[in-house]
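Below you'll find the structure, written out as structure tokens, and then a few comments.
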Amino acid sequence: LPAVSYVGRSDGQLSPGLINRIWNRVCDIAKVEGRSPHCARHMHGLNVVKKTGNIAAVAVALNHGNIKYSAAYTRPGHDEILAALEGGGE
């Protein structure tokens with residue numbers, strides 16, 4: 001990142017607004033459009049479940065209070081469904 005000072009909350013946490021400002025600045029520099037911090041969070045959850053196959057690991061990684069929210073990451077995506085229909089699935 002360029003030399004920009006970002007100050008968080010007094011409790012040491014970054015506010016959602018500050019996270020979005022940092023995110024938008026990085027996306028501008030990288031010339032990336034149409035992505036959000038939530039999108040990155042979702043991809044992280046998908047990567048955890050693909051690597052571990054463990055819903056509990058997703059719950060911990062994403063700090064879900066209810067494992068039901070983590071179960072959403074085990075549903076196959078559009079590309080996985082197409083691959084299975086075309087005979088390329090496992």
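Excluded from the calculations below are hydrogen atoms, water molecules and symmetry mates; all remaining heavy atoms, backbone and side chain alike, are included.
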Nearest atoms (heavy-atom pairs only) where A57 meets T52: CB-OG1, 3.9 Å
Just so I know, are the side chains of E80 and K50 near enough to count as touching, which here means a heavy-atom distance under 4.5 Å? yes
Minimum heavy-atom distance between G45 and V58, given as atom pair plus value: O-CG2, 3.8 Å
Quick one: does I22's side chain get under 4.5 Å of R25's, heavy atoms only? no
Side-chain contact test, heavy atoms from C-beta onward, threshold under 4.5 Å: evaluate it for N20 versus P37 and give yes or no. yes
May I ask you to test the H64-Y73 pair for a side-chain heavy-atom distance under 4.5 Å? yes
H44: what forms a ring-ring contact (aromatic ring centres under 6.0 Å, His included) with it, not counting sequence neighbours? none
Roughly how far apart are L46 CG and T74 OG1, rounded to 0.5 Å? 10.0 Å
Pairwise distance CD1(I81) to CD(E86) - rounded to 0.5 angstrom: 12.0 Å
About how many Å separate CZ of R41 and CD1 of I19, when rounded to the nearest 0.5 Å? 10.5 Å
A61 and V48: which non-hydrogen atoms are nearest, and at how many Å? CB-CG2, 4.0 Å
Any idea which heavy atoms bring I55 and S70 closest together, and the distance? CG2-CB, 3.6 Å
Cluster check V49, V60: I/L/V/M/F/W/Y, side chain < 4.5 angstrom: no
Between W23 (side chain) and L18 (backbone), is there a donor-acceptor pair under 3.5 Å? no
